A.B. asks: 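Attaching a single structure in C-alpha cells format; questions to follow.
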Amino acid sequence: MRKLKTALFGTGFVGRVHLEAIRRLGYVQLYAIGEPQIEKANQLADEFGAEKAEADFHDILKDPAVDAVHVCTPNALHFPIAKEALLAGKHVVCEKPLATSVAQAQELVDLAKAKGLRNCTSHNLRYYPMVQQIRRMIQDGDLGDILVAQGTYSQDWLLYDTDWNWRLDSKLNGPSRCLADIGSHWCDMLEHVTGQRISSVCADLATFYKTRKQPRGPIETFAGKTLRPEDTIETPIDTEDMGAVIFRMNGGARGAFTASQVNAGCKNRLSIEIFGTKSGVMWNQERPDELWIGNRNSPNQIMIKDPSLLKPLAKPYADLPGGHSEGYDDTFKQVFRRFYQSIADPNMAPEYPQFADGLRQLKILEAELESNAKHGWVDVPLPV
Ligand code: SOE
C-alpha cells in the first residue's frame, strides 16, 4: 500500500497528541509541519522525522505530495485553514470545535462534499472501548428504553485567575469556551451512544472570573502553574468558566450535564450516566477501562475492558488484551486509523466523526448560547 503523506498545522498540546498518533499508523508518513513559530516547527520536524517545516501553511497546501492535513490550531483558525486545505484538494482532520459558527461549519461540510474529500472532526472520545461497549449495549436493547442521561465534563486547569491559555481570548477561541471545548465532546458522546438527538436545551453559563491575569508570553494548554504576578496583565474575560444544560432528546430521554474548567480536583473527568427501563451504565474518562452496570433486581457489576468480553461491534476498538489499559492517546489512533483507511479505500464507509458531526455540535452550541442569553428553552434543529 502507498504511504499516505500527511501534514500537521498547530503544535500545541493536542498537535503533539496528533503527531504521536500519526506515528503509530504504519502506512502514513508525517511529511510536513506548519507552525508560525518556525523554531518549534523545526524542532518537532526533527523529533518526529518530518521532511519539511514551514511557518506559512499555504506553502504546505501548495505541495502536491500532501494527501491529508490535520488542523490543530486555535479554534478561530480551523475554518480558514480547513477551507483552504479542501480547496487545495487535501483530505482534512480538524480539531473540535470544527469552526466558530454554524454558518462556517456548514460551508465546510458542503465544500468537502462537493470536492469528494474525506473529512473528520476530532470527537475522538467516542472511541474508548468501554464507550463503544455502551453504544452496542444500547443498540442490543440491554438498557431497555432510555429514560435519563446525565453527567459532566469537569476539569480544573483554569480554576485560578492566574491560569491562562489562548482559549481565554475569544478572538482566538470563539464565543464559547467550556461548552465548545469540552461540552461538545459530552453531547457528541451522548448522541453517538444513544442514537438519539438532543432536540431542545435550556442553558445557564457562568463566568466566575470577569478578569484574569494574562501572561505576557504564550502558555501551553494545562501548563500555567509557575507564573509570577509581574509576568501578567489584568485582562477582561467574555467566555464561560462553566455551563449547565438541561436537555430533551428526540427519542424521549431527558437529562442534564455540566461542563466546567474550574472544578478543583477534576483533571479530565468526562462522566456519562445513562439509565433505561432495564438497567443503567456509568463511565468516567479518568477510569476508562471500567464500566459500571446498574441493575434493579440483581447485584450491580463493574465490567473491566477485555476485548474477549466486549460486544462484537465494540471489540475492534480495543487493541490490547484485558488488564492492559487503553486511554486518551489510543482514541486518536482509532480515529486516524479509520480515517486513513477510508482514503486508501474510497468505497469504505466513514467509521469516524465527520465534519457533519462537527456541524451538529455547533448547532447544539448555538442553541445553548441563545438559551443562556434569553433565559429559556431553545429547540435544536434536527439533522435532515
Ligand atoms: C482542554 O480542555 C482539552 O485539551 C480539550 O480541548 C480536549 O478536547 C479534551 O479532550 C481534553 O481537554
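Remember, it's a predicted structure, so these values are computed and weren't measured experimentally. Only this structure's heavy atoms are used, side chains among them; waters, hydrogens and symmetry mates stay out. All ligand and atom numbering here is 1-based and tracks the order in the structure.
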A.B. asks: For residues 86-93, please give each side-chain donor-acceptor pair under 3.5 Å, one per line with the distance, not counting sequence neighbours.
C.D. replies:
residue: K90; atom: NZ; partner: D63; partner atom: O; Å: 2.8
residue: K90; atom: NZ; partner: V66; partner atom: O; Å: 3.0
residue: H91; atom: ND1; partner: R118; partner atom: N; Å: 3.0

A.B. asks: Check the angle between the aromatic planes of Y128 and W283 and answer parallel, tilted or perpendicular using the 30° and 60° thresholds.
C.D. replies: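 It falls in the tilted class, 30° to 60°.
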A.B. asks: Salt bridge or not between D188 and K96? Use side-chain N to carboxylate O under 4.0 Å.
C.D. replies: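 No, D188 and K96 are not salt-bridged.
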A.B. asks: Apply ring-ring contact (aromatic ring centres under 6.0 Å, His included) to W186 and list each qualifying residue two or more places apart in sequence or on a separate chain.
C.D. replies: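 In terms of ring-ring contact (aromatic ring centres under 6.0 Å, His included), with neighbours along the sequence ignored, W186 is linked to F247, F257.
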A.B. asks: Suppose we screen for salt bridge (Lys or Arg N to Asp or Glu O under 4.0 Å). Which residues come up paired with K374, at least two apart in sequence or across chains?
C.D. replies: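 Counting only residues at least two positions away or on another chain, K374 forms a salt bridge (Lys or Arg N to Asp or Glu O under 4.0 Å) with E370.
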A.B. asks: Can a salt bridge be assigned to the pair R24 and D330 using a cut-off of 4.0 Å between side-chain N and carboxylate O?
C.D. replies: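 Between D330 and R24 there is a salt bridge, with a charged N closer than 4.0 Å to a carboxylate O.
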A.B. asks: Which N/O atoms of ligand 1 sit under 3.5 Å from a protein N/O, and at what distances?
C.D. replies:
residue: ligand 1; atom: 2 (O); partner: Q155; partner atom: OE1; Å: 3.0
residue: ligand 1; atom: 2 (O); partner: Q155; partner atom: NE2; Å: 3.3
residue: ligand 1; atom: 2 (O); partner: D181; partner atom: OD2; Å: 2.5
residue: ligand 1; atom: 6 (O); partner: K96; partner atom: NZ; Å: 3.1
residue: ligand 1; atom: 6 (O); partner: R167; partner atom: NH2; Å: 3.1
residue: ligand 1; atom: 6 (O); partner: D181; partner atom: OD1; Å: 2.5
residue: ligand 1; atom: 8 (O); partner: K96; partner atom: NZ; Å: 2.7
residue: ligand 1; atom: 8 (O); partner: H185; partner atom: NE2; Å: 2.8
residue: ligand 1; atom: 10 (O); partner: Y153; partner atom: OH; Å: 3.2
residue: ligand 1; atom: 10 (O); partner: H185; partner atom: NE2; Å: 3.4
residue: ligand 1; atom: 10 (O); partner: Y328; partner atom: OH; Å: 3.3
residue: ligand 1; atom: 12 (O); partner: Q155; partner atom: NE2; Å: 2.9

